[in-house]
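Notes to accompany the following structure.
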Amino acid sequence: LVAQEPDRADYLRDLSVSLSKMGDLLRDSGQGEQARQFFQQDLEIAQRLVAQEPDRADYLRDLSVSLRKMSDLLADLGQREGATRLREEAQEIAQRVAQQGKPSAQS
């Protein structure tokens, strides 16, 4: 579907979820390098969706989750520096989403 309509956000998001699940499956079965390919594609889609709608909380949350999954995988593969950087980015995005959900202070 994405190939037919590459700009449809709902199709992109569905593809992102499928890629993430494949990454999870491969990671859990000890195929880290193969999992990385799926997580990378998932991350690229999540970044694209956020670039299109930077204040949309569900896209930001998805990006945070994608970053965490890639971070965890990199840590498993012994790439601590990259894992830490992605984990910090995921945390910043999660905090941004949390701030969006808080009611603003009234004067």
Between CG on residue Asp62 and CG on residue Leu67, distance to nearest 0.5 Å: 11.0 Å
Leu86-Leu77 co-clustered via ILVMFWY side chain contacts under 4.5 Å: yes
Minimum-distance pair of heavy atoms, taken over all atoms of Lys69 and Phe39: CD-CE2, 3.8 Å
Min side-chain heavy-atom separation Thr84-Glu88 under 4.5 Å: yes
Chi angles and distances behind the side-chain hydrogen bond (donor to acceptor under 3.5 Å, both in side chains) call for Glu44, Gln40: CA-CA 6 Å; Glu44 290 168 5; Gln40 183 62 43; 3.2 Å; yes
Step-by-step salt bridge (charged side-chain N to carboxylate O under 4.0 Å, His left out) determination, Asp55 to Arg96: CA-CA 9 Å; Asp55 294 324; Arg96 181 173 160 197; 3.4 Å; yes
Side-chain donor-acceptor pair present, Gln99, Gln95, cut-off under 3.5 Å: no
Residues forming a side chain to side chain donor-acceptor pair (under 3.5 Å) with Gln31, sequence neighbours excluded: Ser29
Result of checking Arg80, Arg36, Arg87 against Asp72 for salt bridge (charged side-chain N to carboxylate O under 4.0 Å, His left out): Arg87
Spatial distance of atom CD1 (Ile45) from atom CG (Leu19) [nearest 0.5 Å]: 5.0 Å
Over 12 non-hydrogen atoms of neighbours within 6.0 angstrom of CD in Glu33: yes
Which atom of Leu74 lies closest to which atom of Gly82, heavy atoms considered: CD1-C, 3.9 Å
From CG (Leu60) to CD (Glu53), nearest 0.5 Å: 10.0 Å
Separation between CD of Glu89 and CZ of Arg68, rounded to the nearest 0.5 Å: 11.5 Å
Side-chain heavy-atom pair Leu63, Leu43 within 4.5 angstrom cut-off: yes
Interatomic distance, Ser16 atom OG to Gln47 atom CD [nearest 0.5 angstrom]: 10.5 Å
Within 45° cone and under 6.0 Å: Arg56 NZ/CZ vs Tyr59 ring: yes
Nearest non-hydrogen partners of Gly32 and Leu73, listed with the distance: O-CD2, 3.6 Å
Short side-chain donor-acceptor distance under 3.5 Å, Arg27 and Gln34: no
Spatial distance of atom OG (Ser66) from atom CZ (Arg61) [nearest 0.5 Å]: 11.0 Å
